[in-house]
Asker: 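Have a look at this one.
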Amino acid sequence: MVEGVSKTLWVIVATVFAAAAAVAPVARGQQTPCYFVFGDSVFDNGNNNVLNTSAKVNYLPYGIDFTQGPTGRFSNGRNIPDFIAELAGFNSYIPPFAGASPSQANIGINYASGGGGIREETSQNLGERISLRKQINNHQSAIRNAAVPQSQLRRCLYTISIGSNDYLNNYFLQPPTSARRLFTPDQFADSLIRRYRIYLMELYVLGARNVALFGIGKIGCTPRIVASIGGGVGCAEEVNQAADIFNNELKALVTDLNNKRPGAKFTYVDLFSGNAQDFASLGVTVGDRSCCTVQPGEELCAADGPVCTDRTKYIFWDNVHTTEKINGVIASSAFNGAITSPFSISQLVN
Ligand SMILES: *[C@@H]1O[C@H](CO)[C@@H](O)[C@H](O)[C@H]1NC(C)=O
C-alpha cells in the first residue's frame with residue numbers, strides 16, 4: 001500500500017553509508033526504551049492471524065525471506081516497523097499484541113491490523129479487523145496492566161500507518177459505500193482527519209510524545225487498483241488525488257499538533273511524493289505487477305503459489321503490499337529524515 005521515496009534518495013543512501021562508516025552502529029545500543037506500532041496491513045505482524053478475516057497472511061509464500069517464515073507480515077520478509085526497530089537498536093522485533101505477555105508493554109507492542117482503518121466500518125467487507133480506535137484501547141489496557149510509568153511512555157517511539165483502507169476498503173469500494181454517497185473527497189478527508197486528531201490526542205494523554213504518522217502512498221498505482229478502477233491501463237488518478245488530499249490534511253494536522261503541544265514531536269512521513277524512477281535507480285525495476293502469484297480479482301498471494309526469483313527487483317510483493325526491499329528503503333528514508341517533516345525518526349528516538 002505504499003510506494004515512493006524521496007527524490008533525494010541517493011543523498012540519503014550516501015549519508016547512511018557515511019554515518020555507518022563513521023560510527024560503529026553496533027555500539028550504539030537501543031536508542032529508546034520502547035516502541036509502539038499502530039496501523040494497518042503495512043505494519044501488521046501477526047494480529048490478524050487470530051481474527052476471522054480474509055486479510056490474513058500466515059501462509060507461504062508470505063515470509064519466504066523471513067527467518068521465522070510466515071508470521072502474518074504482509075510481505076516476503078521484514079516490514080517497515082521491523083527495519084525501524086533495527087535502526088533504533090532493538091535486539092528483537094516488536095511482537096504483535098495478540099499473544100504478547102503483559103510485561104511486553106515495557107518494551108513495545110505492535111497493535112496493527114490488516115484492514116484496520118480510521119473509520120469503524122472500514123474493511124467490514126474483509127471480516128474482523130482492529131480499527132485505530134480499538135488499537136488505542138488495546139494500548140491503554142496494555143500499559144495499565146503492566147503499570148508502565150508515564151515518564152517512560154514519554155520517551156518511547158510511536159509509529160502509525162493508517163488511512164489507506166478508508167479509501168481502498170471503504171470510499172472506493174463498489175458498489176459505493178455510504179461514505180462515498182455522503183462525502184466529496186475533501187469532506188471525506190476532513191472526516192478522517194477529524195477522527196484521527198481525536199485518537200492522537202488520546203494517545204498523547206496516554207503518554208505518546210514522539211509520534212511518526214505515515215501518510216498514504218500512491219494507492220491508485222497498486223496492481224489491484226490499476227486492474228480495477230484504472231481499467232488495467234495505468235494508475236487511477238482519482239484514487240491518488242483523494243489520497244493526496246488526505247496527506248495534505250495530515251501534514252497540516254502534524255503542524256498544528258506540534259504548535260499546540262510543544263512538549264511533543266509529531267512528524268509526517270511522505271510515502272506519496274516519490275516515484276518509480278527513484279526505485280529504478282536502486283535496481284527495483286518492476287513496478288507494474290506482483291512478485292507472488294495473485295489470482296484474478298484477488299489482492300493477496302495464492303497459497304503456495306510460485307513467486308518471482310529476484311524479489312529485490314520488485315516494488316510489489318502482492319497486488320497491494322510492497323516487498324521487503326522497498327520496506328527497507330522506506331524505513332531508512334524515514335529514519336534519516338529524507339521523507340519526513342519536520343522531524344526524522346532518528347530525532348524522535350534521541
Ligand atoms: C467468519 O466470518 C464469516 C463471514 O463473516 C461467517 O460466516 C463465519 O461464521 C465466521 N466464522 C467464525 C468461526 O466465526
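If you're wondering where the values come from, they're calculated on a predicted model, not measured in any experiment. Counting starts at 1 for both ligands and their atoms, following the listed order.
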Asker: Does the ring centre of F38 sit less than 6.0 Å away from the ring centre of Y199?
Answerer: no
Asker: Flag the pair Y59 / Y62 as yes when their ring centroid distance falls below 6.0 Å, and as no otherwise.
Answerer: yes
Asker: So, for T340 and A334, which heavy atoms are closest and what is the spacing to 0.1 Å?
Answerer: CG2-O, 3.4 Å
Asker: Of all heavy-atom pairs between A146 and P102, which one has the smallest distance, and what is that distance?
Answerer: CB-O, 3.4 Å
Asker: Does ligand 1 have any N/O atom under 3.5 Å from a protein N/O, and what are those pairs and their distances?
Answerer:
unit_1   : atom_1 : unit_2 : atom_2 : d
ligand 1 : 2 (O)  : N52    : OD1    : 3.4
ligand 1 : 2 (O)  : N52    : ND2    : 2.4
ligand 1 : 11 (N) : N52    : ND2    : 2.8
ligand 1 : 14 (O) : N52    : ND2    : 3.3

Asker: I'd like to check the side-chain contact (heavy atoms from CB on, under 4.5 Å) partners of N258; sequence neighbours left out, ordered by chain and number.
Answerer: V254, F266, P342, F343
Asker: Between C292 and C308, is the SG-SG gap under 2.5 Å?
Answerer: no
